Every structure is written in C-alpha cells, then in structure tokens.
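Accompanying notes for the structure given below.
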Amino acid sequence: MDLITSLAQRNIEQGTGGPFGAGIFRADTHQFVAPGVNLVLSSHSSIAHAEMVAIMMAQQILGSHDLGATDLPQYELVTSCEPCAMCLGAICWSGVRQLVCGARGSDAEAIGFDEGPKPEKWTTALEQRGISVTLDLQRLKAAQVLQNYVEQGGEVYNSRQGKTENHR
C-alpha cells in the first residue's frame, strides 16, 4: 500500500490526474506487475481510473485478457481507494482474485467525488465471485492523499452525481 499511495501522491504532484493509485501484484509472492494512476484529466477520458489503467497494463504485460486464467498465478489489485461503480464492474471481469483497498469510497465522496451507484453489499458480491476483499489498509494515509489533492486545488471532476445542467 505504501507504493500505491506514493503513486497517487506523485500523480497529484505531477499534475497528471486525480488522487488515486493502483497496482497489480502476484498474490503469492507480492511481485509487482503493473502500476496504475488516475489519468482522467490528462487523457481526457472518464474511464482512465487507476484501477482500469493497472488492470489494462497488467493484461498487456501478461498477454492475457483474463488475470484469472488457469495457466497464470493468482493476482491481486491493490488500490488507494475503494473502487467506484465502474471499476467495481471491471474488477469482476479482470480475473483478479484479491482486492485490497486503502481509503473508503466515503472518503472520496467527502471531498466531492461521485463514486456512483454501488450495491450496498459490494464486498459480499465480489467474495461470492471468488474475489477476497480487504478494506482499510493504511486508510488514514490513503485518505490524507485525497485531502492533499483538494488542499492543493486539484479539480474534483465527476462531482455532479449523474445530474446534468439543463441547457435551453
């Protein structure tokens, strides 16, 4: 988690995206496979979340669209914050067998981010799919990265909660 929160903090400092970091690791050896940082602002793409970037990079590196393929070891996704609704869906199809989260979605929402409509028992839903979930690993440190972002004037995009302005 130290590496992941460092990635998120560096992403803020470099001005390349939002205050989120993620990484794919081998579950048995914890060997680092691929990083991911939020690139929404710099890429002009609403789907360039840290989890999505890490999953995509790991799949490219490993040459498989399925990180849970029978010929591969098990992989875990470590993320600086609980997944939003979009990333939650991607995790289900990524093939990762473990998810480790730092900050809570409520920490991201507290600074203005919209995490989208997630099922109330989303951790249970993942576990029923064979994906173990660990929450609150270094939560205070990860939540501080979110606070740093806002304090440094970072743009809180995606804060409308699905609402659009009525242009007439």
Side-chain angles (χ1 to χ4, degrees), residues 1-69 71-105 107-108 111 113 115-116 118 122-123 126 131-150 152 154-158:
M1 186 58 73
D2 285 329
L3 171 62
I4 301 309
T5 54
S6 294
L7 286 172
Q9 183 61 46
R10 184 148 188 210
N11 203 38
I12 296 169
E13 293 164 3
Q14 297 294 317
T16 49
F20 304 98
I24 300 288
F25 297 82
R26 268 187 68 151
D28 58 351
T29 64
H30 302 292
Q31 176 187 5
F32 185 56
V33 176
V37 293
N38 180 287
L39 300 172
V40 168
L41 298 172
S42 61
S43 69
H44 307 289
S45 175
S46 62
I47 64 171
H49 289 198
E51 298 93 334
M52 304 291 274
V53 172
I55 290 167
M56 182 179 62
M57 288 186 67
Q59 290 172 337
Q60 292 295 305
I61 289 166
L62 297 169
S64 177
H65 67 280
D66 182 3
L67 299 178
D71 60 333
L72 293 176
Q74 291 190 354
Y75 292 95
E76 67 181 346
L77 171 63
V78 178
T79 182
S80 64
C81 189
E82 287 179 2
C84 69
M86 175 183 66
C87 293
L88 179 61
I91 289 166
C92 293
W93 289 290
S94 69
V96 298
R97 304 307 339 139
Q98 297 175 31
L99 172 65
V100 179
C101 306
R104 291 282 181 121
D107 298 325
I111 64 165
F113 283 98
E115 295 298 281
K118 292 189 330 190
W122 65 272
T123 58
L126 287 182
I131 303 168
S132 68
V133 178
T134 301
L135 300 175
D136 299 335
L137 184 63
Q138 297 184 18
R139 180 180 180 185
L140 294 178
K141 181 178 181 180
Q144 185 60 54
V145 173
L146 299 172
Q147 286 297 319
N148 293 347
Y149 181 71
V150 170
Q152 294 173 21
E155 180 181 345
V156 178
Y157 53 88
N158 184 25

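Only a predicted model underlies this, so the values are computations on that prediction, with no experimental measurement involved.
- Here the side chains of His49 and Met52 are in contact, with some heavy-atom distance below 4.5 Å.
- Contact between Ile4 and Ser80 at its shortest, heavy atoms only, is CG2-N, 3.5 Å.
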Indicate every side-chain donor-acceptor pair of residues 83-90 with a distance under 3.5 Å to a residue at least two apart or in another chain.
none

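- Listed by first and then second residue, the side-chain hydrogen bond (donor to acceptor under 3.5 Å, both in side chains) pairs that reach into residues 21-45 are Arg26-Asp28, His30-Glu76, Asn38-Tyr157, sequence neighbours excluded.
- The CD1 atom of Ile111 sits 4.5 Å away from the CG atom of Leu146 when rounded to the nearest 0.5 Å.
- For Ser132, there are no side-chain hydrogen bond (donor to acceptor under 3.5 Å, both in side chains) partners, not counting sequence neighbours.
- Of all non-hydrogen atoms in Ala8 and Gly21, the two that sit nearest each other are CB-N, 3.6 Å.
- Residues in residues 32-44 take part in no salt bridge (Lys or Arg N to Asp or Glu O under 4.0 Å) pair, two or more places apart or across chains.
- In this structure, Phe113 has its ring center under 6.0 Å from that of Phe20.
- Taking 4.5 Å as the limit, every side-chain heavy atom of Trp93 sits out of range of all side-chain heavy atoms of Ile55.
- Of the inter-residue distances, the one linking Thr79 atom OG1 with Leu137 atom CG reads 11.5 Å to the nearest 0.5 angstrom.
- Not counting sequence neighbours, Gln98 has no partner by the side-chain hydrogen bond (donor to acceptor under 3.5 Å, both in side chains) test.
- Of all heavy-atom pairs spanning Ala54 and Leu77, the tightest one is CB-CD1, 4.4 Å.
- Counting only residues at least two apart or in different chains, salt bridge (Lys or Arg N to Asp or Glu O under 4.0 Å) contacts with residues 88-104 comprise Glu82-Arg104, Arg104-Asp136.
- Each of Thr134, Val100, Thr5 was checked for a side-chain contact (heavy atoms from CB on, under 4.5 Å) with Val78, and the lone residue meeting it is Val100.
- For the salt bridge (Lys or Arg N to Asp or Glu O under 4.0 Å) condition, no pair includes a residue of residues 36-48, sequence neighbours left out.
- With sequence neighbours excluded, the residues that form a side chain to side chain contact (heavy atoms under 4.5 Å, CB included) with Asp71 are Ala69.
- Across all non-hydrogen atoms, the minimal contact from Val40 to Ser46 is CG2-O, 4.0 Å.
- More than 12 heavy atoms of other shown residues, nucleotides or ligands fall within 6.0 angstrom of atom CG in Leu72.
- Applying the salt bridge (Lys or Arg N to Asp or Glu O under 4.0 Å) test to residues at least two apart or on different chains, none of the pairs has a partner in residues 41-64.
- Not counting sequence neighbours, Arg10 has no partner by the side-chain hydrogen bond (donor to acceptor under 3.5 Å, both in side chains) test.
- By the side-chain hydrogen bond (donor to acceptor under 3.5 Å, both in side chains) test, Glu13 is found to be paired with Gln9, residues two or more places apart in sequence or in another chain being considered.
- The side chain to side chain contact (heavy atoms under 4.5 Å, CB included) search around Ala58 returns Ile24, Val33, Ala34, Leu67, not counting sequence neighbours.
- Contact check for Val37 versus Val53: no side-chain heavy atoms found under the 4.5 Å cut-off.
- Under a 3.5 Å cut-off, the side chain of Tyr149 and the backbone N or O of Glu155 do form a donor-acceptor pair.
- Here the straight-line distance linking atom CZ of Phe25 with atom CG of Leu3 works out to 5.0 Å at 0.5 Å rounding.
- What you find for Cys81 and Ala108 is that their closest heavy atoms are SG-CB, 4.0 Å.
- Between the CG atom of Leu99 and the OG1 atom of Thr123 there is a distance of 9.5 Å, given to the nearest 0.5 Å.
- Residues Leu126 and Cys92 share a closest heavy-atom pair of CD2-SG, 3.7 Å.
- Side-chain contact, Gln144 with Asn148: a donor N or O sits under 3.5 Å from an acceptor N or O.
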